[in-house]
Amino acid sequence: MSLETLKSALPDYAKDLKLNLGSVIGNSELPAQQLWGTVLATAIAARSPIVLRELEPEAKANLSPEAYTAAKSAAAIMAMNNVFYRTRHLLSDHEYGNLRAGLRMNVIGNPGVDKVDFELWSFAVSAVNGCGMCLDSHEQVLRKAGIERDTVQEAFKIAAVIQAVATTLDAEAVLSE
């Protein structure tokens, strides 16, 4: 079970996704921990059992136990934060922005891995979940830490391709029933 299995499962009409999947993961210039943490966190965020089942073993093999847990933690905390902050941002009553969130987010302060890696994974999950406020916040932290735009873009390219593969394969699973 692997990246190759996912690529071969994609239908002919999604040839671009097949090529992009191989490219964004197979030819990434990200260090292994950043790459595989981004892959795992976005595979979780994409909510596709097929994609997660195929990518998780390789991610686990390429991550330390701490990084594996931190990538899953990024997906979990951002699942909450993306809904909360996206809603707050979309409401026309901006007074909600002045209210205390009152939600625990301790893992962001102490993720168990390099803060930059966790921020990159949180950013990529925010791309999947479409929270502009979270995207801006995490991108600013990454840029202040010296991360180049190319690296940030690499993370959201991975997020985009994994989300597209998940959507396509899940649709094909339903249509083939």
Side-chain angles (χ1 to χ4, degrees), residues 2-3 6-7 17 19-48 51-89 101 103-167:
S2 67
L3 179 61
L6 278 182
K7 287 167 49 177
L17 297 182
L19 296 170
N20 288 332
L21 187 60
S23 176
V24 299
I25 296 176
N27 298 328
S28 177
E29 294 185 13
L30 292 177
Q33 180 165 297
Q34 287 182 355
L35 170 65
W36 287 104
T38 301
V39 168
L40 179 60
T42 57
I44 293 169
R47 298 175 189 88
S48 169
V51 169
L52 185 56
R53 195 176 305 117
E54 296 303 326
L55 293 177
E56 184 274 341
E58 199 164 351
K60 191 172 192 175
N62 282 283
L63 293 169
S64 68
E66 296 80 13
Y68 178 79
T69 298
K72 292 193 312 181
S73 297
I77 197 69
M78 296 317 296
M80 177 187 72
N81 284 357
N82 292 156
V83 171
F84 181 81
Y85 287 105
R86 183 177 62 236
T87 301
R88 197 184 244 191
H89 177 73
L103 298 171
R104 293 183 56 111
M105 302 174 216
N106 294 336
V107 72
I108 294 172
N110 187 18
V113 294
D114 186 288
K115 181 101 165 105
V116 168
D117 293 351
F118 191 82
E119 287 290 333
L120 191 69
W121 304 336
S122 297
F123 172 85
V125 170
S126 297
V128 171
N129 292 332
C131 181
M133 211 171 176
C134 294
L135 284 166
D136 282 342
S137 174
H138 293 288
E139 189 268 349
Q140 289 171 14
V141 170
L142 289 164
R143 297 289 291 137
K144 284 180 187 168
I147 301 301
E148 297 294 327
R149 284 182 179 87
D150 288 346
T151 300
V152 174
Q153 180 170 287
E154 191 84 14
F156 67 84
K157 281 170 48 178
I158 292 166
V161 172
I162 288 177
Q163 176 63 31
V165 168
T167 299

Enter the distance from Thr151:OG1 to Glu29:CD here, rounded to the nearest 0.5 Å.
-> 8.5 Å
Could you pull out all donor-acceptor pairs under 3.5 Å where a side-chain atom in residues 113-140 meets a protein atom, sequence neighbours excluded?
from, atom 1, to, atom 2, distance (Å)
Asp114, OD1, Val116, N, 2.8
Lys115, NZ, Ile108, O, 3.0
Lys115, NZ, Glu119, OE2, 3.0
Asp117, OD1, Gln34, NE2, 2.9
Asp117, OD2, Gln33, NE2, 2.7
Glu119, OE1, His138, ND1, 2.5
Trp121, NE1, Gln34, O, 3.2
Ser122, OG, Phe118, O, 2.9
Ser126, OG, Asn82, ND2, 3.0
Ser126, OG, Ser122, O, 2.9
Asn129, OD1, Arg47, NH2, 3.4
Asn129, ND2, Asn82, OD1, 2.8

Taking C-beta and beyond as the side chain, do Leu40 and Leu55 meet within less than 4.5 Å on heavy atoms?
-> no
So how far is it from Asp150 CG to Glu148 CD, rounded to the nearest 0.5 Å?
-> 7.0 Å
Does a side-chain heavy-atom distance below 4.5 Å link Arg149 with Arg143?
-> yes
To the nearest 0.5 Å, tell me how far Asn81 CG sits from Met105 CE.
-> 4.5 Å
Side chains of residues 154-164: which donor-acceptor partners sit under 3.5 Å, not counting sequence neighbours?
from, atom 1, to, atom 2, distance (Å)
Glu154, OE2, Ser28, OG, 3.2
Gln163, NE2, Thr167, OG1, 3.3

With side chains defined as the heavy atoms from C-beta onward, is the minimum distance between Glu54 and Val51 less than 4.5 Å?
-> no
Could you list the donor-acceptor pairs under 3.5 angstrom formed between side-chain atoms of residues 64-80 and any protein atom two or more places apart in sequence or on another chain?
from, atom 1, to, atom 2, distance (Å)
Ser64, OG, Glu66, OE1, 3.4
Ser64, OG, Ala67, N, 3.0
Tyr68, OH, Glu56, OE2, 2.6
Thr69, OG1, Pro65, O, 3.1
Ser73, OG, Thr69, O, 2.9

